[in-house]
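Here's the structure we're looking at; comments come further down.
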Amino acid sequence: MRIGELAARAGTTTRTLRYYESRGLLPARRAGNGYRTYDEDDVRLLEQIRTLQDFGFDLEETRPFVECLRSGHPEGDSCPASLAVYRRKLTELDALIGELGAVRDQVGAQLTRAEAAIEGGPEPRCELTG
């Protein structure tokens, strides 16, 4: 298939595909007439990249999964390098969850403080309604 058909099937643009090609994530095969050609393996590769990006992986983090697919592993995540990226991502997500928990605790404390400050006091005025 040609680049336009691959873009349509993968739900992306030809510009994105050319970018992936320039980054070495998508093979650059050419037909005799110079047109780029792709096959079902390339569709699968793009699905893998898109799924990982939907999960928050940046483009470079998808590289081990792409290489795993190219080496013949049907899921792209059963290679040691792919597993290492999963582990790093989980560590990163755990840290973010911890940070968000701390922010949530701070916002909750501020709410409690603000509610306590107005209890028994005058009704707060909304400056917009006068």
Side-chain angles (χ1 to χ4, degrees):
M1 76 187 83
R2 292 186 24 197
I3 193 167
E5 183 181 349
L6 178 62
R9 290 199 45 203
T12 191
T13 65
T14 58
R15 182 177 179 183
T16 297
L17 298 181
R18 286 185 193 101
Y19 178 70
Y20 290 173
E21 181 182 311
S22 75
R23 303 286 304 198
L25 294 170
L26 189 62
R29 293 184 303 271
R30 302 269 181 172
N33 58 8
Y35 291 136
R36 290 172 174 88
T37 61
Y38 303 96
D39 58 24
E40 292 302 317
D41 289 340
D42 298 316
V43 174
R44 175 69 187 115
L45 185 144
L46 291 170
E47 289 170 350
Q48 181 79 23
I49 291 171
R50 184 179 200 115
T51 298
L52 291 167
Q53 287 189 307
D54 287 347
F55 290 159
F57 290 71
D58 66 37
L59 189 58
E60 194 56 35
E61 288 175 317
T62 69
R63 185 173 302 281
F65 298 88
V66 168
E67 291 170 359
C68 192
L69 281 170
R70 285 186 183 157
S71 70
H73 296 272
E75 297 302 318
D77 62 0
S78 57
C79 296
S82 303
L83 297 173
V85 172
Y86 274 152
R87 287 184 191 99
R88 279 195 309 271
K89 184 55 79 173
L90 282 174
T91 299
E92 178 185 313
L93 291 170
D94 288 341
L96 288 171
I97 289 168
E99 290 172 21
L100 285 173
V103 169
R104 187 193 187 291
D105 291 345
Q106 290 174 339
V107 171
Q110 286 295 100
L111 174 62
T112 300
R113 183 205 49 79
E115 289 174 335
I118 62 169
E119 279 185 20
E123 184 70 24
R125 276 188 40 216
C126 178
E127 297 297 323
L128 296 176
T129 60

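These numbers come from the heavy atoms of this one structure, side chains and all, not from hydrogens, waters or symmetry mates. Quick note: residue numbers are just sequence positions, from 1.
- No path of Ile, Leu, Val, Met, Phe, Trp and Tyr side chains, each step under 4.5 Å between heavy atoms, connects Ile3 with Tyr35, placing them in separate hydrophobic clusters.
- In the hydrophobic clustering of ILVMFWY residues, with side-chain heavy atoms under 4.5 Å counting as a link, Leu96 and Phe57 come out apart.
- Under the 4.5 Å side-chain heavy-atom criterion for Ile, Leu, Val, Met, Phe, Trp and Tyr, Phe65 and Leu45 are members of distinct hydrophobic clusters.
- Counted within 6.0 Å of CZ on Arg30, heavy atoms from surrounding residues, nucleotides or ligands total more than 12; the atom is thus considered enclosed.
- Note that CG of Leu17 and CZ of Arg36 are 9.0 Å apart. Values are rounded to the nearest 0.5 Å.
- In this structure, Asp41 CG and Leu46 CG are separated by 11.0 Å, a value rounded to the nearest 0.5 Å.
- In the hydrophobic clustering of this structure, Phe55 does not group with Leu93; members are Ile, Leu, Val, Met, Phe, Trp, Tyr whose side-chain heavy atoms approach within less than 4.5 Å, directly or through other members.
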Derivation and outcome, side chain to side chain contact (heavy atoms under 4.5 Å, CB included), residues Glu75 and Arg44: CA-CA 9 Å; Glu75 297 302 318; Arg44 175 69 187 115; 3.7 Å; yes
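- Under the 4.5 Å side-chain heavy-atom criterion for grouping Ile, Leu, Val, Met, Phe, Trp and Tyr, Met1 is connected to Ile49 within one hydrophobic cluster.
- A donor-acceptor contact shorter than 3.5 Å links the side chain of Arg63 to the backbone of Arg23.
- Judged by distance alone, with hydrogens and angles left aside, the side-chain atoms of Arg50 form a donor-acceptor pair with the main-chain N or O of Gly11 at under 3.5 Å.
- The OG1 atom of Thr51 sits 6.0 Å away from atom CG of Asp54, with the distance rounded to the nearest 0.5 Å.
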Assess whether side chain to side chain contact (heavy atoms under 4.5 Å, CB included) is satisfied between Glu61 and Arg88, documenting all intermediate values. CA-CA 10 Å; Glu61 288 175 317; Arg88 279 195 309 271; 5.7 Å; no
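- Under the 4.5 Å side-chain criterion, counting only non-hydrogen atoms from C-beta, Glu21 is not in contact with Arg29.
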Start with the C-alpha distance between Tyr20 and Leu59, add both sets of side-chain angles, then the distance that settles side chain to side chain contact (heavy atoms under 4.5 Å, CB included), and finish with yes or no. CA-CA 9 Å; Tyr20 290 173; Leu59 189 58; 3.6 Å; yes
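- With respect to Lys89 and Glu92, a salt bridge is recorded, a charged nitrogen being found less than 4.0 Å from a carboxylate O.
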Walk me through it: do Arg9 and Glu40 pass the test salt bridge (Lys or Arg N to Asp or Glu O under 4.0 Å)? CA-CA 10 Å; Arg9 290 199 45 203; Glu40 292 302 317; 2.7 Å; yes
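- For the atom pair CZ (Arg18) and OG (Ser22), the distance works out to 11.0 Å, reported to the nearest 0.5 Å.
- Note that CG of Leu69 is 5.0 Å distant from CD of Gln48, once rounded to the nearest 0.5 Å.
- Once rounded to the nearest 0.5 Å, the distance linking CG of Leu25 with CG of Asp42 reads 12.0 Å.
- In this structure, the side chain of Ser82 does not engage the main chain of Ser78 through any donor-acceptor pair within 3.5 Å.
- Heavy-atom contacts from other residues, nucleotides or ligands closer than 6.0 Å to CZ of Arg2 number 12 or fewer.
- Between Thr14 and Ala7, the shortest heavy-atom distance links the atoms N-CB, 3.8 Å.
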